[in-house]
Amino acid sequence: DDMKGFLRGINAGANRLRRLVENFIMLVEIQTKTAQESYDIRKNELSDYDALMLSLERKFADLLASKDVTVLYDVAPGIPAIMTDDYYLSAAIECLIDNAIKFSENPDSKVLVKVFEQDNHVCFSVQDFGRGIPEKELKKIHRVFYQIDREKFEDPGTGAGLAIVKGVADLHGGVCDPQSTLGEGSTFTLKLPFETPEKPAE
């Protein structure tokens, strides 16, 4: 059992390092416009949202085994398909989940990941119940390498995650909407548009 625990910890650390390297590469792609070319080539229709959530759940299994955090996934029924780059979309949601886990500091914390339809958009929301974000900081959080009160909290990470989420949202013609209450937690919702089917001629 001890050996399994050690191996899970090593695997979680290796996965975090892999995501860190991949995030730096993706950030360079976004800032050099290479991401747009990749998106145009790789975009395809996404309709199996349960499979996407299952792949994310597997990616975070080892990390969560060493933390007092539970991630719950919920996919609403009947969500329309969207055109997306699976790699970029998955990476953006990973960044949001990773942040939510990082800022879930209370015992038996929960992170809620939901997929639902709203106002002609497919929404991917990630909610934590951590320390929250001061309102004055919400407009700055998508800046590259920006971290809130870095000197005070010494949070792990580089501050690149939310810049990547914004870049991925822009690629898809969507937005990332942050909502937060200081001391209660934050919800980040990645909203990607889908085309409303044309009404048949009368």
Side-chain angles (χ1 to χ4, degrees), residues 4 7-27 29-30 35 38-104 109-118 121-128 156-158 160-177 186-194:
K4 287 180 180 178
L7 292 174
R8 278 196 297 266
I10 291 170
N11 196 48
N15 285 334
R16 184 177 288 278
L17 182 58
R18 173 188 54 79
R19 285 198 298 271
L20 182 64
V21 173
E22 290 175 348
N23 283 353
F24 278 129
I25 294 172
M26 194 176 305
L27 195 57
E29 290 176 352
I30 289 170
S38 299
Y39 172 80
D40 291 338
I41 294 171
R42 296 192 307 229
K43 65 181 178 181
N44 61 89
E45 186 176 86
L46 171 66
S47 59
D48 193 345
Y49 299 99
D50 288 302
L52 174 62
M53 293 299 106
L54 181 59
S55 70
L56 291 168
E57 185 176 3
R58 288 171 176 165
K59 287 181 180 179
F60 284 96
D62 287 321
L63 176 62
L64 291 172
S66 62
K67 290 183 174 291
D68 196 13
V69 181
T70 301
V71 180
L72 303 174
Y73 299 85
D74 180 60
V75 178
I79 302 175
I82 56 172
M83 294 301 295
T84 182
D85 181 312
D86 296 341
Y87 175 70
Y88 284 149
L89 175 60
S90 180
I93 301 173
E94 280 185 49
C95 287
L96 293 179
I97 295 174
D98 197 47
N99 272 358
I101 293 172
K102 181 172 25 176
F103 293 113
S104 295
S109 294
K110 287 183 173 59
V111 171
L112 308 180
V113 182
K114 298 180 180 180
V115 187
F116 56 94
E117 174 191 349
Q118 185 180 73
H121 287 73
V122 173
C123 301
F124 304 86
S125 77
V126 179
Q127 180 181 9
D128 68 67
T158 62
L162 292 179
I164 288 171
V165 174
K166 183 181 185 304
V168 171
D170 291 343
L171 281 175
H172 290 78
V175 296
C176 181
D177 177 27
S186 306
T187 301
F188 287 82
T189 305
L190 181 60
K191 301 179 179 180
L192 306 185
F194 61 85

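Among all heavy-atom pairs drawn from G174 and L192, the shortest one is CA-CD2, 4.3 Å. In plain terms, the two heavy atoms of S125 and F116 that are nearest each other are OG-CE2, 3.7 Å. The two atoms that bring P80 and V122 nearest to each other are O-CG2, 3.7 Å, heavy atoms only. When all heavy atoms of F60 and E94 are compared, the closest pair comes out as CZ-O, 3.5 Å. In plain terms, the two heavy atoms of C176 and V165 that are nearest each other are SG-CG1, 3.6 Å. Between S47 and A81, the shortest heavy-atom contact is CB-CB, 3.9 Å.
A 4.5 Å side-chain heavy-atom check between L54 and E57 finds at least one atom pair inside the cut-off. Residues V115 and L52 are not in side-chain contact: their nearest non-hydrogen atoms beyond the backbone lie 4.5 Å or more apart. A 4.5 Å side-chain heavy-atom check between I97 and Y73 finds at least one atom pair inside the cut-off.
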Review point. Taking it one step at a time, do K4 and L7 satisfy side-chain contact (heavy atoms from CB on, under 4.5 Å)?
Key: CA-CA 5 Å; K4 287 180 180 178; L7 292 174; 5.7 Å; no

**Study point:** Worked check of side-chain contact (heavy atoms from CB on, under 4.5 Å) between S104 and K67
**Key:** CA-CA 10 Å; S104 295; K67 290 183 174 291; over 6 Å; no

Exercise for review: Any chance you could lay out the side-chain contact (heavy atoms from CB on, under 4.5 Å) test for N99 and L162, step after step, and finish with the verdict?
Suggested key: CA-CA 9 Å; N99 272 358; L162 292 179; 3.7 Å; yes

Practice item. Just do the side-chain contact (heavy atoms from CB on, under 4.5 Å) check on V71 and V113 with the steps written out, would you? Key: CA-CA 7 Å; V71 180; V113 182; 3.7 Å; yes

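No more than 12 heavy-atom neighbours from other residues, nucleotides or ligands sit within 6.0 angstrom of NZ on K110.
Here the NZ atom belonging to K43 is positioned 14.5 Å from the CG atom belonging to L89, to the nearest 0.5 angstrom. If you take CG on L17 and CD on E22, they are separated by 10.0 Å, rounding to the nearest 0.5 Å. Expressed to the nearest 0.5 Å, how far CG of D177 lies from CG of L190 amounts to 10.5 Å. Rounded to the nearest 0.5 Å, atoms OG (S38) and OH (Y87) are 9.5 Å apart. Of the inter-residue distances, the one linking L56 atom CG with D98 atom CG reads 11.5 Å to the nearest 0.5 angstrom. Rounded to the nearest 0.5 angstrom, L72 CG and Q127 CD are separated by 10.5 Å.
In this structure, Y39 and H172 have perpendicular ring planes: the angle between them is above 60°, well past the 30° mark.
Judged by distance alone, the side chain of D128 and the main-chain N or O of V126 form no donor-acceptor pair under 3.5 Å.
Using a 4.0 Å cut-off between a side-chain N of Lys or Arg and a carboxylate O of Asp or Glu, D170 and K166 qualify as a salt bridge.
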